[in-house]
Protein chains: 2
Amino acid sequence: MSFSTELIKGTLRTIILKLLSDHGKLYGYELTQKAKEMTGGKIQITEGALYPTLHALEREGLLVTEVEYIGKRVRKYYYLSESGSAASSQKISELQDFINTIGLLLDLKTFTV
Amino acid sequence: MSFSTELIKGTLRTIILKLLSDHGKLYGYELTQKAKEMTGGKIQITEGALYPTLHALEREGLLVTEVEYIGKRVRKYYYLSESGSAASSQKISELQDFINTIGLLLDLKTFTV
DNA sequence: AAAGATACATAAGTTTTCGAGGTATCAAAT
DNA sequence: ATTTGATACCTCGAAAACTTATGTATCTTT
């Protein structure tokens, strides 16, 4: 990712969950592209971070998968399970809360829409 | 710290630098109290995280120290060096930028004052 | 006299991420 | 025809940051 990257640590799971809750069903590579595109290239999820995280979320039951073939190429779609949807909302509000809290220290005014 | 704490990772240095740039001169314990007080207890810097970070920042030349005795008790004040001030501004805008970027993904509107 | 707050510090272990490497398909350009 | 670049999955060793626990000591309040 292309911030002075230590900042992004800890937000990856939430970003993934949020993207999936907005778009329903996405495959790994697509997630990296969506994040990149939505942030003007500022957040680039690396594959070395992405795949282990997706596997962990699946192992924990928050995500379920569906494999599709495009020609001979595998494409593994991820989407939220029921508990994943709950976790997703919870994680997202937590991140919003966190951003507001950090804002207090940085003299930012943050508004949640 | 008392968020679901992985979120806070990566922000500690910036928080320290910002607090020092606002208050001029603070000692370790005071930093933990300021952060706690400014965020309604939501950000609690642990000492295990704080001291190694302060030492690292000092080693890197961003912070300088000044020891004071309150009775027999040592108090070690930290303040920004010249390069620390520069680093501080830079880190702070980076964190602001990051917050705005994350906001894009989370549908937040954040305004920098 | 004990408990709780102030004040410094280290250290082992965990978690998260990075960076590099690996395999393979498909499309476009040379 | 073949090379390059994009698409698409994946793993693994190493580094970084933080947590939890532990240690020492002083001062204040009960």
Side-chain angles (χ1 to χ4, degrees), chain A residues 1-17 25-37 41 43-60 62-63 65-78 91 95 98 102, chain B residues 1-17 25-37 41-60 62-63 65-78 91 94-95 98 102:
Chain A
M1 299 182 182
S2 84
F3 268 100
S4 173
T5 54
E6 75 274 4
L7 285 183
I8 302 177
K9 296 190 180 178
T11 60
L12 181 57
R13 278 168 170 254
T14 309
I15 289 173
I16 291 173
L17 294 172
K25 181 174 110 171
L26 296 169
Y27 53 96
Y29 187 76
E30 202 178 8
L31 275 163
T32 66
Q33 300 310 303
K34 276 264 184 291
K36 190 174 169 183
E37 154 201 328
I43 292 186
Q44 304 210 24
I45 303 174
T46 61
E47 297 185 306
L50 177 68
Y51 290 111
T53 303
L54 285 174
H55 300 161
L57 290 170
E58 190 184 5
R59 212 165 42 236
E60 292 162 21
L62 305 187
L63 299 184
T65 57
E66 202 174 273
V67 172
E68 201 172 283
Y69 281 87
I70 309 298
K72 284 180 187 169
R73 201 149 56 178
V74 176
R75 196 178 267 182
K76 199 161 160 193
Y77 279 98
Y78 289 85
K91 281 257 180 201
L95 182 50
F98 168 68
I102 286 287
Chain B
M1 302 179 179
S2 81
F3 269 99
S4 171
T5 53
E6 77 272 5
L7 284 182
I8 302 178
K9 296 192 179 179
T11 60
L12 182 57
R13 276 168 172 253
T14 308
I15 289 173
I16 291 172
L17 294 172
K25 182 174 108 172
L26 297 169
Y27 53 97
Y29 187 77
E30 202 178 9
L31 276 163
T32 66
Q33 300 309 303
K34 276 261 184 294
K36 190 174 167 183
E37 154 201 327
K42 284 184 178 175
I43 291 185
Q44 303 210 26
I45 303 173
T46 62
E47 297 184 303
L50 178 68
Y51 290 111
T53 303
L54 285 174
H55 299 161
L57 290 170
E58 189 184 7
R59 213 165 42 236
E60 292 163 21
L62 305 187
L63 300 184
T65 57
E66 201 173 272
V67 172
E68 201 172 283
Y69 280 88
I70 308 299
K72 283 180 186 168
R73 200 151 54 181
V74 175
R75 196 178 270 180
K76 199 161 159 192
Y77 280 97
Y78 289 85
K91 281 257 180 202
E94 193 179 327
L95 182 50
F98 168 68
I102 286 288

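Close to D:dC9, at under 4.0 Å from its OP1 or OP2, lies no side-chain N or O of A:Tyr29. Considering only side-chain N and O atoms, A:Tyr51 lies nowhere under 4.0 angstrom from the phosphate OP1 or OP2 of D:dC10. Regarding contacts with the backbone of D:dA8, every side-chain N or O of A:Lys72 stays at 4.0 angstrom or more from both OP1 and OP2.
In this structure, B:Lys36 places its NZ atom 9 Å from P of C:dA5, rounding to the nearest Å. Across the protein-nucleic acid pair, B:Glu58 atom CD and C:dC8 atom P stand 12 Å apart, rounded to whole Å. Between B:Gln44 atom CD and D:dT20 atom P the separation is 12 Å, expressed in whole Å. Counting to the nearest Å, the P atom of C:dA7 and the CD atom of B:Glu47 are 11 Å from each other. For A:Leu12 and D:dA16, the CG to C1' distance is 16 Å, given to the nearest whole Å. Going from atom CD1 of B:Ile70 over to atom C1' of C:dA7 covers 11 Å, rounded to whole Å. Summarising the geometry, the separation between CZ on A:Arg59 and P on C:dT16 is reported as 10 Å, rounded to the nearest angstrom. The CD atom of A:Glu68 sits 11 Å away from the P atom of D:dA8 (whole-angstrom rounding).
Looking at heavy-atom distances under 4.0 Å, B:Arg75 makes contact with sugar-phosphate atoms alone, never a base. At the heavy-atom level, A:Gly28 lies under 4.0 Å from the strands shown only through sugar-phosphate atoms. Counting any heavy atom pair closer than 4.0 Å across all strands shown, A:Gly71 reaches sugar-phosphate atoms only and no base atom. Contact annotation for B:Glu30: no contact, since no heavy-atom pair falls under 4.0 Å across all strands.
Here the side chains of B:Leu50 and B:Ile16 are in contact, with some heavy-atom distance below 4.5 Å. A heavy-atom distance below 4.5 Å is found between the side chains of B:Tyr69 and B:Val74. Contact check for A:Leu54 versus A:Leu31: side-chain heavy atoms found under the 4.5 Å cut-off. Counting heavy atoms from C-beta outward, A:Ile102 and B:Ile43 have side chains that approach closer than 4.5 Å. Contact of the B:Tyr29 side chain with the B:Arg75 side chain is not registered, since no non-hydrogen atoms from C-beta on lie closer than 4.5 Å.
For B:His55, taking side-chain heavy atoms from C-beta onward, the closest of the listed nucleotides D:dC18, C:dT17, C:dA9 is C:dA9. With distances taken from any side-chain atom of A:Tyr27 to the nucleotides D:dT26, D:dC10, D:dA8, the minimum falls on D:dA8. Each of D:dC18, D:dC27, C:dT17 was ranked by its minimum atom distance to the side chain of B:Ala49; first place goes to D:dC18. Proximity note for B:Thr53 (side chain, C-beta onward) versus D:dC18, C:dT25, D:dC10: the nearest is D:dC18. Considering only side-chain atoms of B:Arg73, the nucleotide from D:dT11, C:dA5, D:dT19 that sits closest is C:dA5.
Each of A:Gly48 and B:Tyr78 lies near DNA chain C, and the nucleotide nearest B:Tyr78 is the one positioned closer to the 5' end.
Listed here is the closest heavy atom pair of B:Tyr27 and B:Lys76: CB-O, 3.2 Å.
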